[in-house]
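First the structure, in the form of structure tokens, and then the observations on it.
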Amino acid sequence: MPMRIHDRPSPNHDPRPEGAAVDMLVLHYTGMRSGAAALERLRDPAAGVSAHYLVEEDGTVFRLVPEERRARHAGLSHWRGREGLNAGSIGVEIVNPGHEWGYRPFPALQMGAVAELCLGILARHPIPARNVVAHSDIAPDRKQDPGELFDWEGLAALGIGLWPAPAAPPPEEEARALLGRIGYRTDLPLPVLVTAFQRHWRPARVDGVADAETRARMAGLLARIEA
Ligand SMILES: [Zn+2]
């Protein structure tokens, strides 16, 4: 049975640029006190922001913007040499108060709904696994979402995004170049980039230090990407 999606249209969208294929999936947390407040803001013409979907903590899924339209969720963003990533991405907002208002685990019901929603999106668009990213991956100097409590490993096990293969740690001086090959912009301080990487791929310790385990995971992720 296909999942039930509730329409809650937002006015905050416009046409995708001519010829723009949808080839990225960007996951966010809402970072507001409640899901209701987030839904209201994402539908407020004065706020001007939106996403294609919002997933409540109880697993309820709302559609705000049709997938063929450009929603406004990424802001200033960069991945694999491209910028302005709203043009070719689907944005999913996942309700969580976030680091500002009391960051807490994402409930299983919510994660189940996120997984089902994402599998549907991946079935409808040619999105490479390496382009399933966090908002913090594409805006590492501004954003922390969806953060280190988000179960990226579990999603990868379902075929949504990638999780690093076991690998040996490359030398420390290679860290920045490895991050660039993964997709990060490289013109930011290394601890900022390492922090973003860790939030997604080494969540047990997010400290901005490119330690051996973090570097091993960078290499392990590239092994998956370049396999
Ligand atoms: Zn975000």
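Computed from a predicted structure; not experimentally measured. As the structure lists them, so they are numbered: ligands from 1, and atoms in each ligand from 1.
Under the 3.5 Å distance criterion, the side-chain polar atoms of S10 are matched with a main-chain donor or acceptor of L42.
When the N, O or S atoms of H135 are ranked by distance to the Zn ion (ligand 1), ND1 comes first. Take the N/O/S atoms of D145: the one nearest the Zn ion (ligand 1) is OD2. For the Zn ion (ligand 1), the nearest N, O or S atom contributed by H28 is named ND1.
Residues M218 and V194 have side chains in contact (heavy-atom distance under 4.5 Å, counting atoms from C-beta outward).
A donor-acceptor pair shorter than 3.5 Å can be found between the side chains of E148 and H99. H78 and R185 share no donor-acceptor pair across their side chains, judged by distance under 3.5 Å alone.
Here H73 does not reach the Zn ion (ligand 1): none of its N/O/S atoms is less than 2.8 Å from the metal.
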